[in-house]
Amino acid sequence: MTIRGLRSVPVRTISGSTNITPIRDDGLPKETKSSMLRRFSLFRRRPRFHRHEVEDCTQEVCTWADRCECSHLRNPRVMASACSQYASDILAADGTLSASTGNSPPSYAELSPSCTCWTPRQARTASTCSTSHTSFDRWSDTRSEASRDVFMLYASPLFHPAINFKTEGETLRKSLAGAKVLTQLKMSVATASSLSKLLTLARSRRGLVLHIVAHGIKDAEKGLGLMLEGSTGRPHVLWRAELEQLLMVGDGVSNISLLFLNCCNSEELAQIFIERGCPHVIATIGMVREKSALRFSHQLYFELSVGSPLLTAFESARQALCIDPDPDIAAQADHFRLYGQRGADRATLDTLCGDGSRPVEMLFEHAWTFLDSRLLPSRPENFVGREHSIERIVRNFEGFRGRRACVVHGPSGMGKSALGIEFAHFVSGPGRLFSCAALRLCLNSSNLADIVESLEEELEGLAASLGLAQRTALSWSSSIASSRSEISVASVDTERQEVCDLALSRGRLRRLVQRLEKSRRLVLIIDDEVGAVAGSAEVRSLFGDMLDYSQQLHLLILSSEAVYESLGATKVVNEALHGLTEAEAARLFVQRIHRSLRRDDLPPGTPMGSLPGSDAMNRALSQLSGHPLLKKLGGHPGRIRAVSHLVAPGGPNLYDLADQVQFVEPQIARRQQSLPCSSRPLTVGQLRRPFSAVVQSGHDAVDLR
């Protein structure tokens, strides 16, 4: 049988040996394959290891080595070490193939031997959570030799229009994917502390490419400022005078070979960096649309990745905007400027990135850790307001003596679930409080075994996405099976078996959390739909046990009622969730309706007419200020969503809705449904009114009478 240049003969499974003759038909050096095969012979003699598994593993390693273009990966000693680590890890203690590998050999991409942070268990974890191609992209990003780094700082604070930095990161990563030499994108949040540390650590590098995404703010007295983030997510503006003082310390700016200030009105800030020794700075003049910035960034870094000089890449990016079919994007081609053009015709990505030392990386996350994570549900659509609630929760958790358990409580339909998802996405941004380490657990049952199982799946998914070591499923199942066999021998009933299994599961949860918290802080958002935390002492004991045996785990519980009982030794902080403000309620209502506002929706004499974009939204919000319908809705998000779908073409005007809509409390609604038809209140259809509807939103019934 011939496999990828290797010819094999039958394998003796217990004490025999394998004779595989290497053939020089795949371009690999002979000594490389010979060393590889010597290493593989160490585990081929193990019992119960089948021949086809040995051949497939050997084929995968050779295929991987053949596809690698870097010369250092063909080093026999490096390849031999990789094979030895791989062989010792994929086998269980009894010599069988590990269950976590799915009885199939991992792809060649999972054998990246030249990374200092790579371990065989990490490669095995990647094989269980992604396809072969995704695994290659992920684990090849961690190789340190023959690679380049591009760093990205972002700032999207609360109380300001959000910046879609995730899309920006995906754009940069795709642009750099075509590079001949591996180019890694690393991301972190832009704070005063992170920027200061970056400038300090940049002194140890001979080149650094930095991409900053933020808002540019102008003030009549202080001039131009760069909006960063504070520790709680609030905006922190670094004004020009403060930036000048920061850059005067040390010479770290001179080692930033290329700086892209992707923010509005950044021309003045670019001049400061140029004066302090930064060789090349790309900045903008005036206001720049997000689509224009993304299109420019994509073309710029794509040109750099294929080896074009900086000046050529800049001109190509401007030309890409000029020929864009969208006239608004084409008109902004001249808004991008390159400062420091001396030497830009010779500066390539190789010379710009340099060969700096590793300390800078401690401030950044690998892009794939954040961009490839699929642990959280998508962000809620038309999420409005709640910045103060998010800030209060972050303030409770941050700091050395911060709280570790917080409960957000409120009536049904108030938006607790949406708040939890939005909070998870915000705090899990790279470099933020819970960088890439936020989980969401939805409790739709009070059964403790179901909760433990769901929680274990979420924690294992997080460990896999972070590339951390996990014990194999075979090890867990073996421990449970052995425990059950001992219990069966002792003739213990089924209930005792379940108790034993539950105890083992809780022990696994503790170990998983302890392994995860070694490198970062964790937050678990518990969406308690059934009131399990408030109503079950066993559930509180479970989460209290996890908090007692960990140091970096934090819990955010979303419940319809407050929880005052402690979770183990941890005090629970309660935050009440109230309705939206009038302006926030009006914005949510306008975003959810299915037609434009008509003249009969508004007070007499209200000016009408078409306005562009944001102007139309602002005018609609001002027109709805003090409207009777919004007052009746009371800022309740669930009720606003329930009524907004009635505002459709051919439907009633807002004043008719305000007169006829009535909200029925959950207890009254259930009581009415249990009454006979003759005893129920008359509906609109029975009164033969021109329109009628009964809307169910959460547990609140909206009855139009």
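FYI, the numbering just counts along the sequence from 1. For the numbers below, each heavy atom of this structure counts, side chains included, while hydrogens, waters and symmetry mates do not.
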(message) Surrounding NE2 of H388 (heavy atoms of other residues, nucleotides or ligands, distance under 6.0 Å), is the total greater than 12?
(response) no
(request) Tell me, yes or no, whether the heavy-atom count around K166 atom NZ, taken from other residues, nucleotides or ligands under 6.0 Å, exceeds 12. (result) yes
(message) List the residues meeting salt bridge (charged side-chain N to carboxylate O under 4.0 Å, His left out) with R234, not counting sequence neighbours, and say none if there are none.
(response) E391
Contact check, side chains of [X] and [Y], non-hydrogen atoms, under 4.5 Å:
X    : Y    : answer
L516 : L459 : yes
L247 : I272 : yes
F423 : I421 : no

(request) Enumerate the residue pairs fulfilling salt bridge (charged side-chain N to carboxylate O under 4.0 Å, His left out) with a member in residues 299-315, sequence neighbours excluded, ordered by first and then second residue. (result) none
Would you say [X]'s side chain and [Y]'s backbone share a donor-acceptor pair under 3.5 angstrom?
X    : Y    : value
S305 : S175 : yes
S435 : R432 : no
S297 : L294 : no
E242 : W239 : yes
H236 : L228 : no
T200 : S196 : yes
S257 : L352 : yes
T183 : V181 : yes

(message) Looking at every non-hydrogen atom in both residues, tell me the closest pair between I274 and P279 and how far apart they are.
(response) CD1-O, 4.0 Å
(message) Listing request: all ring pair (Phe, Tyr, Trp, His ring centres under 6.0 Å) pairs with a residue in residues 276-306, at least two apart in sequence or in separate chains.
(response) H211-Y301, F260-F296, F296-F314, F296-F336
Enumerate donor-acceptor pairs with a distance under 3.5 Å from any side-chain N or O in residues 318-325 to protein atoms, sequence neighbours excluded.
{"residue": "R318", "atom": "NE", "partner": "A333", "partner atom": "O", "Å": "3.4"}
{"residue": "R318", "atom": "NH2", "partner": "D334", "partner atom": "OD1", "Å": "2.9"}
{"residue": "D324", "atom": "OD1", "partner": "D326", "partner atom": "N", "Å": "2.9"}

Would you call [X] and [Y] a salt bridge, taking side-chain N to carboxylate O under 4.0 Å as the test?
X    : Y    : result
E365 : R520 : yes
R337 : E267 : no
R240 : D219 : no

(request) Compute whether any side-chain donor of one residue and acceptor of the other, for R206 and N255, lie under 3.5 angstrom apart. (result) no
(request) Tell me, please, which residues at least two apart from T312 pass side chain to side chain donor-acceptor pair (under 3.5 Å). (result) none
(request) Report the residues that fulfil side chain to side chain donor-acceptor pair (under 3.5 Å) with E387, sequence neighbours left out, ordered by chain and then residue number. (result) none
(message) Working note: T191 + E229, criterion side-chain hydrogen bond (donor to acceptor under 3.5 Å, both in side chains); need CA distance, chi angles, decisive distance, verdict.
(response) CA-CA 5 Å; T191 63; E229 290 188 19; over 6 Å; no
(message) The test is side-chain hydrogen bond (donor to acceptor under 3.5 Å, both in side chains); show your working for T284 and S266 and say whether it passes.
(response) CA-CA 5 Å; T284 62; S266 58; 3.2 Å; yes
(request) Evaluate the side chain to side chain contact (heavy atoms under 4.5 Å, CB included) criterion for residues K186 and M152: first the C-alpha distance (whole Å), next the side-chain angles of each, then the deciding distance (0.1 Å), finally the verdict. (result) CA-CA 6 Å; K186 299 181 180 179; M152 172 180 165; over 6 Å; no
(request) On the 0 to 90° scale, with breaks at 30° and 60°, tag the F370-F165 ring pair as parallel, tilted or perpendicular. (result) parallel
